[in-house]
There are 2 protein chains.
Amino acid sequence: MTRLSHSRERMEKVPTQTFFNLPEEKRERIIRAAIDEFADNSFHQASIAKIIEQAGISRGSFYQYFSDIKDLYKFIFEKSGQEKMVYIYDVVSKMNELNTFVIMKELYKAGIRFANDHPKLALLGNKLYKEDISVRNEVMAGLEEKSYQFYEDLLQKGIEKGDVDPGVDITIASRLFLTMNLAVVENFLTNSKHDHFLDDIEGYLQEVDKMLYILEHGLKKKDYE
Amino acid sequence: MTRLSHSRERMEKVPTQTFFNLPEEKRERIIRAAIDEFADNSFHQASIAKIIEQAGISRGSFYQYFSDIKDLYKFIFEKSGQEKMVYIYDVVSKMNELNTFVIMKELYKAGIRFANDHPKLALLGNKLYKEDISVRNEVMAGLEEKSYQFYEDLLQKGIEKGDVDPGVDITIASRLFLTMNLAVVENFLTNSKHDHFLDDIEGYLQEVDKMLYILEHGLKKKDYE
DNA sequence: AAAAAATATGACAGGTGTGTCATGTTTTTA
DNA sequence: TAAAAACATGACACACCTGTCATATTTTTT
């Protein structure tokens, strides 16, 4: 209790307490408007003007909740991360038992399911990974390194389990893995927009299998002569 | 001759004839300013205001050479492509003789040498590949498809030569190859900026070897039991 | 119900950018 | 050398954005 009252410090929270005191409907409206804006625009193209316009709040109010658009971006990105966790939690929890390549496949699949259910969040996240390092550092606040670390651990465990070739450079492989994951989601998002609406994403998952086949076996022809 | 005179049509060239009539020194100043601006900023952040400021020309003059900033971007991107050609021409010409994986390696190496000699051009090109599809289509005008086609041909020849596993999906593999190429160059550019200045790029090429090892052999452990 | 605290508002100053245009200046042509 | 063509210039109108602030409204506290 004393704890709690102490937590109301002079340091402002990053979305302000005021923001969380808001009636849920209004708060949701702001969040939705922000997601739309960040899904459609790069960090620098996104504007407070458009967000408050769509959310139907005044400029003055915006600054009562966030100190600038970067704070809002951070908040939305974190929320997105939490939502994505829901999709990959099951896979992560089985990381020690399953074969490394099965894990990888499940991670890719989870990523696609997330993108299917929350296309705007996926879009927004992918956009962020394409931003300059300076923007990424400001908004993701070290989350990127965490991703790499996660994949490095996965591969390291894979070597210990005997699944993964000990000859591969783990740092490089994890970069490759993350990059490929982004490309896979990106590809899914563009295809599901333009082409036929794949209501079942199973068809698309076959594409992922082909991708993983390459990642697992390489491009070289096996069993000569 | 009649041909040549006919080519002076009512359709305005895209950098205007006026631009090419300019004294070389002035033209170069504009090109340099544009390269700087496009290397430092995204398509939407780049501005005519800053370019003319650095080049020391008036706003009115700019519009005598280009109809808007997109035209300038196109022009610079094309120039950059021509310059890059110089680096990969040798490799391309040997495409039929050499082993497919040797070709790939040489292509990566050529990309790195290009980035080493012309970091701003490489930066600018990499930035463009990260832009939205709409921007890419406007500026690259189908050049992207050409890149994919090039890699698909390389892989197809590889299968015919017996180098490449016929089981791999060529479309996906070519996407992977292009993506990796971008990542490699990106990585080189960031490293050569922040860390120690690698005056010899040979050290960095070892990284590329590790990358290609994965692409060639995959991540899976070989020779079981 | 009066005072205090919390929340909301939009006008405003100031910044950056674009494309145009009337007006110069220089070069070429006749 | 006079007319025409080519080239250069920067002020201007308009657009879009940001962060602040005096003021108004609502809610909570006393």
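In what follows, chains carry the letters A, B, and so on, assigned in the order in which the sequence lines appear, proteins first and then strands, with residues in each chain numbered from 1.
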Chemist: Angle between ring planes, B/F38 versus B/Y73, binned at 30° and 60°: parallel, tilted or perpendicular?
Modeler: parallel
Chemist: Write down the distance between CG (B/N41) and P (C/dT16), rounded to a whole number of angstrom.
Modeler: 14 Å
Chemist: So does A/S58 get a side-chain nitrogen or oxygen closer than 4.0 Å to the phosphate oxygens (OP1/OP2) of C/dA8?
Modeler: no
Chemist: May I have the distance from B/L72 (atom CG) to C/dG19 (atom P), rounded to whole angstrom?
Modeler: 12 Å
Chemist: Near DNA chain D, which residues from residues 20-39 of chain A have a heavy atom under 4.0 Å away?
Modeler: none
Chemist: Side chain to side chain contact (heavy atoms under 4.5 Å, CB included) with A/I214: which of B/L176, B/I214, B/L219?
Modeler: B/L176
Chemist: How is A/Y65 classified with respect to the nucleic acid when contacts are heavy atoms under 4.0 Å: base, sugar-phosphate, or nothing?
Modeler: sugar-phosphate
Chemist: Just say parallel, tilted or perpendicular for the rings of A/H118 and A/Y87, cut-offs at 30° and 60°.
Modeler: perpendicular
Chemist: Should the pair B/F20 and B/F75 be assigned to parallel (<30°), tilted (30 to 60°) or perpendicular (>60°) ring geometry?
Modeler: perpendicular
Chemist: Take atom CZ of B/F19 and atom P of D/dA8, then tell me their distance rounded to the nearest Å.
Modeler: 11 Å
Chemist: When rounded to the nearest 0.5 angstrom, what distance separates CD1 in A/I31 from NZ in A/K26?
Modeler: 13.0 Å
Chemist: Restricting to salt bridge (Lys or Arg N to Asp or Glu O under 4.0 Å), what partner residues turn up for A/K210, sequence neighbours left out?
Modeler: A/E207, B/D169
Chemist: Atom CD of B/Q64 and atom P of C/dT25: how far apart are they, to the nearest Å?
Modeler: 16 Å
Chemist: Between C/dG19 atom P and B/D71 atom CG, what is the distance in whole Å?
Modeler: 10 Å
Chemist: Could you go through the side chain to side chain contact (heavy atoms under 4.5 Å, CB included) check for B/F66 and B/I48 one step at a time?
Modeler: CA-CA 10 Å; B/F66 306 97; B/I48 295 172; over 6 Å; no
Chemist: Nearest 0.5 Å, what's the NZ-CZ distance between A/K109 and A/R113?
Modeler: 5.5 Å
Chemist: Would you tabulate the pairs of protein nitrogen or oxygen atoms and nucleotide nitrogen or oxygen atoms of nucleotides 15-25 of chain D closer than 3.5 angstrom?
Modeler:
{"from": "D/dC17", "atom 1": "OP1", "to": "A/S47", "atom 2": "OG", "distance (Å)": "3.4"}
{"from": "D/dT18", "atom 1": "OP1", "to": "A/I48", "atom 2": "N", "distance (Å)": "2.8"}
{"from": "D/dT18", "atom 1": "OP2", "to": "A/A49", "atom 2": "N", "distance (Å)": "3.1"}
{"from": "D/dT18", "atom 1": "OP2", "to": "A/R59", "atom 2": "NH2", "distance (Å)": "3.0"}
{"from": "D/dG19", "atom 1": "OP2", "to": "A/Y63", "atom 2": "OH", "distance (Å)": "2.6"}
{"from": "D/dG19", "atom 1": "N7", "to": "A/R59", "atom 2": "NH1", "distance (Å)": "2.8"}

Chemist: At under 4.0 Å, does any side-chain N or O of A/S61 touch on OP1 or OP2 of C/dT9?
Modeler: yes
Chemist: In this structure, how many angstroms lie between the C1' atom of C/dT9 and the CD1 atom of A/I57, rounded?
Modeler: 11 Å
Chemist: Is any side-chain heavy atom of A/K50 closer than 4.5 Å to one of A/Q54?
Modeler: no
Chemist: Between atom CD in B/E53 and atom P in D/dG10, what is the gap in whole Å?
Modeler: 12 Å
Chemist: Quickly work out the B/I52 CD1 to C/dG19 C1' distance and round it to whole Å.
Modeler: 11 Å
